[in-house]
Amino acid sequence: MKFSQYFLPTLKEVPSDAVIPSHILMVRAGMIRQLTAGVYSYLPLGLRVFKKIEKIVREEMDAIGGSEFYLPALSPNELWAETGRLEDYGDDIFRIKNRELVLAPTHEEVFTSIAKPNLISYKNLPQIWYQIQTKFRNEPRPRGGVLRGRQFTMKDAYSFDATWEGLDESYNKNAQAYRNIFTRCGLKFFTVTAFSGAMGGSESEEFMVEAEAGEDTVVISSDNKYSSNLEVAVSFSENIGRKNSGLEIEEFHTPNIKSIEELAGFLKITDKSRLAKSRLFVIPAKSEGKKDEYLLALVCGDDEFSETKLAKIFAGIRPGHPEELFDIAGAEAGSIGPVNLKNKTVKIIADLKLKDADELISGACKNDYHIKNIDLKRDVVGIEYFDIRTVKDGEETVDRSSKLRMTKAIEVGHIFKLGTRYAEALGAKYLDVNGKDNVIIMGSYGIGIERIAAAYIEQNHDKDGIIWSGEISPFDIHLISVNKKSDNIKAEAEKIYNELITAGYEVLFDDRDDISPGVKFKDADLIGVPVQVVVSDKNMKNGEIEIKERRTGDRYRIQISDFNQKIKEIIGNINKN
RNA sequence: CGGGGUGUGGCUCAGCCCGGUUAGAGCGCCUGGUUCGGGACCAGGAGGCCGGAGGUUCGAAUCCUCUCACCCCGACCA
């Protein structure tokens with residue numbers, strides 16, 4: 001590709017609305033331009049990269065027996081209402097104003113609607129179906145350039161199986177395909193379990209790329225054996241134990257003390273573990289006529305609640321509203337505790353660290369008062385214990401073999417075992433060997449195409465620009481002709497260009513006239529093609545061509561006669577790493 | 001949705017507080033010339049309804065009201 005004919009608008013300055021490296025560089029390198037919030041135009045260079053990623057995805061999906069589809073983005077409201085997701089998605093789904101249609105954010109329903117009349121016998125199963133298609137999500141706040149957009153390209157795949165063992169197999173195949181895809185894309189990635197075991201059979205894994213710009217917080221053990229989303233992460237945590245001094249509970253005045261910090265300050269103590277932090281939650285009634293249930297949860301004062309863990313134990317749980325608190329506890333937030341609750345039906349649970357602990361201090365359920373010497377074993381009948389705390393940076397793994405660290409990550413892929421939810425709702429059934437009806441068992445597997453590119457750039461850039469390598473690089477070679485208006489350098493470069501093309505390389509040839517060499521070099525570093533080849537008067541005089549590796553900055557002067565051999569070696573080495 | 005911020009040539013921004021020539025700079029662009037290995041130089045030139053609407057005023061980029069868009073932090077989501 002000749003630069004002079006290609007539309008590749010590079011920018012010298014940082015665009016004012018970009019903040020994270022990948023966004024800045026994708027705009028500066030002429031890959032994308034923003035049209036409106038969360039919506040981007042893909043320019044030729046960007047499209048080239050995205051298509052390379054799609055090619056890898058296709059090859060790996062095909063390799064596990066996937067069949068490629070292309071489904072509509074428009075779909076009828078009705079279909080979404082059938083699975084209840086029209087409501088579930090709420091404002092996050094784009095709706096068409098003058099038709100009863102939505103712009104699909106994902107395709108479980110549509111794929112299942114095709115499966116239903118066609119996958120009707122166990123003989124039709126299993127199937128892995130996929131597509132690479134534009135998705136629409138009305139993100140309340142798009143951010144990070146192409147990392148979180150309102151319109152983006154997703155590879156979504158769905159598996160259909162007759163048995164749960166079959167689902168495991170399909171799931172594992174997809175997981176392997178994902179590992180292959182991300183490896184080929186040059187990403188350093190890891191997986192985290194997105195659901196804890198509490199959900200039973202339903203497994204789910206996220207494929208993560210560590211990056212400062214990531215939106216997820218994850219914990220990884222230093223030996224890389226354990227990784228998890230912070231929300232559900234577990235660590236070794238020691239029970240704070242009993243003191244067994246047998247002291248009676250005692251109320252004391254704590255004027256205007258609301259937080260654990262304030263309480264610790266008031267009591268002039270630094271160890272907050274025995275200051276039990278209480279929070280009231282509401283578990284909404286599951287059916288008409290039933291009442292909402294209330295839950296008081298306790299963690300150590302130096303810990304935080306994991307609402308995700310709570311939600312996994314108590315479906316539908318939500319924090320109590322300030323107005324509700326007084327009714328239930330008899331006090332406002334900051335003075336609530338497990339003893340003397342106004343409403344006696346409140347269920348009380350505590351974190352495992354507090355199991356059977358005594359001499360605790362907590363709210364007295366009376367504004368501006370706390371109680372000390374609380375003994376959970378003695379004073380709180382029927383208390384139950386669960387893991388409901390959030391892991392902290394630097395803690396040990398459960399088996400104490402390694403330390404945990406916290407980091408930010410970008411989710412580039414997510415796979416999960418759906419089970420029968422969609423097939424059930426839409427009535428997708430098959431007949432088994434015995435002629436009996438069964439609901440099809442599904443899995444769902446997604447990959448964000450643009451996110452892969454953005455994640456790659458987050459991991460591979462320097463102050464000068466992007467550093468591509470391997471299969472997703474837009475070109476193999478960036479050929480630069482350092483030519484004056486009236487010399488034969490450009491003709492020499494053109495000759496080399498044609499030879500490289502013939503040899504099968506994808507070459508970006510900066511053939512622009514009247515552009516000073518510095519501009520060409522800066523553009524080349526910004527665009528980041530792994531190998532730069534410089535043809536100039538200076539080198540040609542000695543019968544040499546220069547090769548520069550983008551990542552290392554290493555330069556080699558090569559005799560023209562050795563050039564073909566040498567370039568092959570260098571490219572080979574780069575792709576190996 | 002809550003909080004904060006920004007809209008001024010293609011890009012990055014100054015000017016706004018404290019209203020008053022013809023609205024500026026750098027980069028980019030066009031013409032001519034000189035340059036030619038890390039974002040060159042000289043000379044000349046084009047390009048703006050100062051986001052939009054209303055208001056205050058003799059006079060508004062500047063003050064007031066409303067509105068739209070975009071960005072950031074949070075909430076939400078995957």
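No hydrogens, no waters, no symmetry mates; every other heavy atom, side chains included, goes into these values. Here is how names work: the chains are called A, B, and so on, in the same order as the sequence lines, proteins then strands, and each is numbered from 1.
Looking only at distances, a side-chain donor or acceptor of R451(A) sits under 3.5 Å from a matching main-chain atom of E411(A).
With rounding to whole Å, D514(A) atom CG is found 17 Å from rG39(B) atom P. The nearest whole Å value for the distance from the CD1 atom in I515(A) to the C1' atom in rG38(B) is 14 Å. As rounded to whole Å, 15 Å separates atom C1' of rC73(B) from atom CD1 of I20(A). One can place CG of L11(A) at 15 Å from C1' of rG26(B), the figure rounded to the nearest angstrom. In this structure, CZ of R28(A) is placed 12 Å from P of rU12(B), rounded to the nearest angstrom. Put simply, CG on L8(A) is 15 Å from C1' on rG39(B), counting in whole angstrom units. Rounded to whole Å, the distance from CG on D156(A) to P on rA78(B) is 16 Å. The distance from atom OH of Y89(A) to atom P of rA78(B) is 7 Å, rounded to the nearest whole Å.
Only the C1' atoms considered, rC17(B) is 45 Å distant from rA78(B), to the nearest whole Å. Taking atom P on both rC71(B) and rU12(B), the two are 13 Å apart, rounded to the nearest angstrom. With C1' as the reference atom, rC18(B) and rA60(B) are 14 Å apart, rounded to whole Å. Nucleotides rC77(B) and rG39(B) place their P atoms 49 Å apart, quoted to the nearest Å. Nucleotides rG5(B) and rC66(B), compared at atom P, are 16 Å apart to the nearest Å. Going from the C1' atom of rG28(B) to that of rG45(B) covers 14 Å, rounded to whole Å. Here the separation of rC27(B) from rG47(B), taken at their C1' atoms, is 15 Å to the nearest Å. Taking the C1' atom of each, rG26(B) and rA53(B) are spaced 33 Å apart, rounded to whole Å.
Across all strands shown, rC49(B) remains unpaired; no Watson-Crick or G-U wobble contact has both distances below 3.5 Å. Nucleotide rU6(B) has rA69(B) as its partner under the Watson-Crick or G-U criteria, with both atom distances under 3.5 Å. Under the Watson-Crick and G-U wobble criteria, each requiring two contacts below 3.5 Å, nucleotide rC1(B) is paired to rG74(B). In this structure rC63(B) sits in a base pair with rG55(B), meeting the Watson-Crick or G-U test at under 3.5 Å.
Between R141(A) and rC72(B) there is a side-chain polar atom (N or O) within less than 4.0 angstrom of OP1 or OP2. S16(A) has no side-chain polar atom (N or O) that falls below the 4.0 Å cut-off from OP1 or OP2 of rC71(B). Distances shorter than 4.0 Å separate some side-chain N or O of T36(A) from OP1 or OP2 on rC70(B). Regarding contacts with the backbone of rA78(B), every side-chain N or O of R451(A) stays at 4.0 angstrom or more from both OP1 and OP2.
At a threshold of 4.0 angstrom between heavy atoms, the contacts of Q34(A) are confined to the sugar-phosphate backbone, with no base atom among them. No contact: T106(A) has no heavy atom under 4.0 Å from any strand. Contact annotation for D537(A): no contact, since no heavy-atom pair falls under 4.0 Å across all strands. At a threshold of 4.0 angstrom between heavy atoms, the contacts of D91(A) with the nucleic acid are absent. If you check every strand for non-hydrogen atoms under 4.0 Å, K135(A) touches nothing.
In terms of polar N and O atoms assigned as donor or acceptor, the side chain of R512(A) never comes within less than 3.5 Å of the base of rG39(B) in a complementary pairing. Residue-to-nucleotide contacts include no donor-acceptor pair under 3.5 Å from the side chain of R33(A) to the base of rG10(B). Not a single donor-acceptor contact under 3.5 angstrom links the side-chain atoms of R143(A) to the base of rC72(B). A donor-acceptor contact under 3.5 Å is formed by the side chain of E13(A) with the base of rG26(B).
Judged by the 6.0 Å and 45° rule, K548(A) forms no cation-pi pair with Y556(A). Cation-pi check for K417(A) over Y171(A) is met; the charged atom lies under 6.0 angstrom from the ring centroid and within 45 degrees of its normal. Figure legend: R137(A) and F152(A) shown without cation-pi pairing, the cationic atom not lying both under 6.0 angstrom from the six-membered ring centre and within 45 degrees of its axis.
Within 6.0 Å of the CD atom in E262(A), the count of heavy atoms belonging to other residues, nucleotides or ligands exceeds 12. No more than 12 heavy atoms of other residues, nucleotides or ligands shown are found within 6.0 angstrom of CD on E212(A).
Between F50(A) and Y42(A), the distance from one ring center to the other falls under 6.0 angstrom.
Nearest-nucleotide assignment on RNA chain B puts the 5′-proximal partner with D525(A), out of E307(A) and D525(A). Remark on RNA chain B: of its neighbouring residues H23(A) and R137(A), the 5'-side contact belongs to H23(A), judged by nearest-heavy-atom nucleotide.
When distances run from any side-chain atom of K522(A) to the nucleotides rG39(B), rA78(B), rA75(B), the shortest one goes to rG39(B). Ranking rC77(B), rG38(B), rC27(B) by closeness to the D92(A) side chain, first place goes to rC77(B). The side chain of V519(A) approaches rA40(B) more closely than any other nucleotide in the set rC71(B), rC77(B), rA40(B). Taking the side chain of P15(A) as heavy atoms from C-beta on, and the options rU12(B), rC71(B), rG39(B), the nearest nucleotide is rU12(B).
Of the listed residues (L47(A), L25(A), I527(A), I466(A)), just one forms a side chain to side chain contact (heavy atoms under 4.5 Å, CB included) with M31(A), and that residue is I466(A).
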